[in-house]
Asker: 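Pasting a structure here, questions to come.
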Amino acid sequence: MIDLNSLISPIEKILGKFIADKDLRTKLEYELKSEIHKANLAQLEVNKAEAAHKSIFVAGWRPFIGWVCGFALLWHFILNPLLYTVLSLFGYNEINLPEFDFAQLSTILMGMLGLGGLRTFEKTKGVSREK
């Protein structure tokens with residue numbers, strides 16, 4: 001969802017510089033906020049339809065990305081170093097285990113964790129769907 005404050009603030013400054021009439025500026029700001037709110041509501045409806053879908057290929061893409069990121073995190077920080085240690089203890093120092101660029105995956109993972117943080121915030125405030 002689009003954060004209204006981060007989007008509207010710069011636009012309000014621009015409107016303030018170019019539109020002298022305060023009433024017109026206020027009206028334009030209101031219309032802009034209304035359109036962004038409508039876009040957010042439309043996206044929520046799409047999200048609800050996707051989540052309620054019976055097909056795993058529609059409803060399951062977000063959990064799939066979460067599991068892929070979780071497994072990649074497990075591999076990158078726990079399994080890979082542990083496996084290298086165990087193999088080196090048995091004298092297999094020349095084995096090359098697969099590696100990946102964690103910087104690219106961490107962008108997705110941190111975004112998902114941020115959204116998870118928002119979900120936790122909802123639950124602590126008592127506004128989550130499940131009561």
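In what follows, residues are counted from 1 in the order of the sequence shown.
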Asker: Working to the nearest 0.5 angstrom, can you tell me the gap between I36 CD1 and K38 NZ?
Answerer: 12.0 Å
Asker: Looking at every heavy atom in both A20 and R25, which two are closest together, and how far apart are they?
Answerer: O-NH1, 4.0 Å
Asker: Do L41 and Y30 sit in one hydrophobic cluster, given that two such residues count as connected whenever their side-chain heavy atoms are within less than 4.5 Å of each other, even indirectly?
Answerer: no
Asker: Would you give the length of the straight line joining atom CG of D21 to atom CG of L28, rounded to the nearest 0.5 angstrom?
Answerer: 9.5 Å
Asker: Please say yes or no: joined through hydrophobic side-chain contacts below 4.5 Å, possibly via intermediate residues, are L82 and L74 part of one cluster?
Answerer: no
Asker: State, to 0.1 Å, how close T85 and S88 come at their nearest heavy-atom pair, and which atoms those are.
Answerer: O-OG, 2.9 Å
Asker: Nearest 0.5 Å, please: how far is CD in E29 from CG in L24?
Answerer: 10.0 Å
Asker: Can you establish whether the number of heavy atoms outside Y92 located under 6.0 Å from its atom OH is more than 12?
Answerer: no
Asker: Can you confirm whether E94 is buried at CD, in the sense that more than 12 heavy atoms of other residues, nucleotides or ligands lie under 6.0 Å from that atom?
Answerer: no
Asker: Is there a continuous path of hydrophobic side-chain contacts, each under 4.5 Å between heavy atoms, that joins F64 to W67?
Answerer: no
Asker: Please name the pair of heavy atoms, one in F71 and one in L79, separated by the smallest distance, quoted to 0.1 Å.
Answerer: CE1-CD1, 4.4 Å
Asker: Using side chain to side chain contact (heavy atoms under 4.5 Å, CB included), reason through W75 and L83 one step at a time and then give a plain yes or no.
Answerer: CA-CA 10 Å; W75 172 258; L83 194 55; 4.2 Å; yes
Asker: If two hydrophobic side chains count as joined below 4.5 Å and joins carry through other members, does V86 share a cluster with I78?
Answerer: yes
